[in-house]
Amino acid sequence: MVDFSLTPEQIELREKYKDFAERLMRPNARKYDTLAEFPWDIVKQAYKEGLMNGPMAPEYGGQGHTIFESALASEEFGAGCVGIGICMDANTLALTPLYLGASDEQKKKFFGRIVEEKGVAAYALTEPNAGSDVAGIKSTALLHGDKYILNGHKRYITNGAVSTFITVFAITDPEKGARSLTAFVVPTDSPGVEIVSNLQKMGQRASVQTEFKFHDVEVPVENRIGQEGHGFLLAMKTFERTRTGVAALSIGNAREAYETAKDWAKNRIQFGKPITVNQGVSFMLADMATEIEAARLVTWHAAWAYDNKQKSANQLSAMAKMYASDVAMKVTTDAVQIMAGEGYSHDYLVEKMMRDAKLCQIYEGTNQIQRLVISKNILK
Ligand SMILES: Cc1cc2nc3c(=O)[nH]c(=O)nc-3n(C[C@H](O)[C@H](O)[C@H](O)COP(=O)(O)OP(=O)(O)OC[C@H]3O[C@@H](n4cnc5c(N)ncnc54)[C@H](O)[C@@H]3O)c2cc1C
């Protein structure tokens, strides 16, 4: 029997995130989009209100949310402001390899530091010549005694410049290449970590993306997560767990754009009548509502599959991320179209939502790469 109703605890959790998004995120969305600055005040407040590190275990300072509950939270963050929301969700992304692969001692140490500092971590996989092709990573971490010496170049690293530490993926044996890919915790203030620049970009401008170079950075053996060579699997298992978060952010963004356009359209009079009497407009709204509902269903299914250890979880999380972010792109574009001149202006947030939507089709694996994952699965 399928049951789509939420438990009282899940409703309470969703309301808590919704309240935070309405009180602090949406009213500040334009400000941070314009300033393109990391919203430290909002992140610190999220810590105070017990909203950070949702899916991390309570014994390490997290909230112990399931992936389904995390999706409920991320939808509200997305409705508040995707740019601010990703600052918090990218922290979860960076902590996930530790959650999955670190020892108890490492979890206590590194989660403990993030929680104590009320800080954020960053996840560094992408390189100038290794974007979709993760196996092309060239950064090296070579063992010398009880330390690895890290050299390499990473770019587009969300939270990079403001992070306490970076979860860096590097190869430990150039001959083995990606088969030796390994994850390390690298404190951002380590000698030899160079911040080259921060990305200037179109949307989600509250979040910061940093290009790093690593010059002979000493990384203690104790900072290696799991065994040498386990990095590729760890990176993929991380995405299986986090992609429903990108899907949920996208749904929140689409939902808010749809609601804004619907309310506006009901009151916009042209030719002596509200524009919603025209099927050209009302059918667009009908499609938007339907697509949001469908995106939420596949996302909830993916999150449920993950929480219940179903084999289908990987494929479903790829479907959810791909479909929900494509829906958000379409819905936000249609919201601007319905609101026309007003939609295009800075008087409303829908133009920002449209810019924000684009990025969800790109990070955590482009939607072409999600299609690759899905097609490989269905054709094997
Ligand atoms: C704002 C922002 C934030 C990001 N945050 C992070 C982060 O925190 N950490 C991190 O590690 N990375 C991050 N990324 C990197 C992001 O994950 C990559 O940009 C993404 O994986 C694509 O890599 P690329 O940009 O190098 O594009 P490329 O891999 O060069 O792809 C270019 C185009 O080719 C397509 N393509 C490539 N290969 C195939 C294929 N086999 N089949 C079909 N199409 C293909 C792609 O879909 C794309 O359309 C971020 C990126 C951005 C822009």
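Quantities reported herein were computed from a predicted structural model and do not represent experimental measurements. Both counts, for ligands and for their atoms, begin at 1 and track the order of listing. All heavy atoms count here, side chains included; hydrogens, waters and symmetry mates do not. Residue numbers count from 1 along this sequence.
Residues Gln209 and Ser207 have side chains that bring a donor and an acceptor to within less than 3.5 angstrom of each other.
Considering Thr164, Asn53, Asn159 as possible partners of Asn91, the one that fulfils the side chain to side chain donor-acceptor pair (under 3.5 Å) test is Asn53.
Taking the six-membered ring wherever Trp is involved, the centroid distance between the rings of Phe68 and Tyr306 does not fall below 6.0 Å.
Apart from Leu372 itself, the hydrophobic cluster it occupies contains Ile369, where clustering links Ile, Leu, Val, Met, Phe, Trp and Tyr at side-chain heavy-atom distances under 4.5 Å. Other residues sharing the hydrophobic cluster of Val373, ordered by chain and number and joined by side-chain separations under 4.5 Å: none, the residue standing alone. In the hydrophobic clustering, where aliphatic and aromatic side chains (Ile, Leu, Val, Met, Phe, Trp, Tyr) are joined below 4.5 Å either directly or transitively, Phe214 groups with Leu143, Tyr148, Leu150, Ile157, Ile166, Val168, Phe184, Val186, Val193, Ile195, Phe212, Val217, Val219, Val221.
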Under a 3.5 Å threshold, I'd like every N/O contact between ligand 1 and protein atoms, with atom names and distance.
{"residue": "ligand 1", "atom": "5 (N)", "partner": "Tyr156", "partner atom": "O", "Å": "2.8"}
{"residue": "ligand 1", "atom": "5 (N)", "partner": "Thr158", "partner atom": "OG1", "Å": "2.8"}
{"residue": "ligand 1", "atom": "8 (O)", "partner": "Thr158", "partner atom": "N", "Å": "3.0"}
{"residue": "ligand 1", "atom": "8 (O)", "partner": "Thr158", "partner atom": "OG1", "Å": "3.3"}
{"residue": "ligand 1", "atom": "9 (N)", "partner": "Tyr123", "partner atom": "O", "Å": "2.7"}
{"residue": "ligand 1", "atom": "11 (O)", "partner": "Leu125", "partner atom": "N", "Å": "2.9"}
{"residue": "ligand 1", "atom": "11 (O)", "partner": "Thr126", "partner atom": "N", "Å": "2.9"}
{"residue": "ligand 1", "atom": "11 (O)", "partner": "Thr126", "partner atom": "OG1", "Å": "3.1"}
{"residue": "ligand 1", "atom": "12 (N)", "partner": "Thr126", "partner atom": "OG1", "Å": "2.7"}
{"residue": "ligand 1", "atom": "29 (O)", "partner": "Ser132", "partner atom": "N", "Å": "2.9"}
{"residue": "ligand 1", "atom": "29 (O)", "partner": "Ser132", "partner atom": "OG", "Å": "2.7"}
{"residue": "ligand 1", "atom": "47 (O)", "partner": "Thr366", "partner atom": "OG1", "Å": "2.7"}
{"residue": "ligand 1", "atom": "47 (O)", "partner": "Gln368", "partner atom": "OE1", "Å": "2.8"}

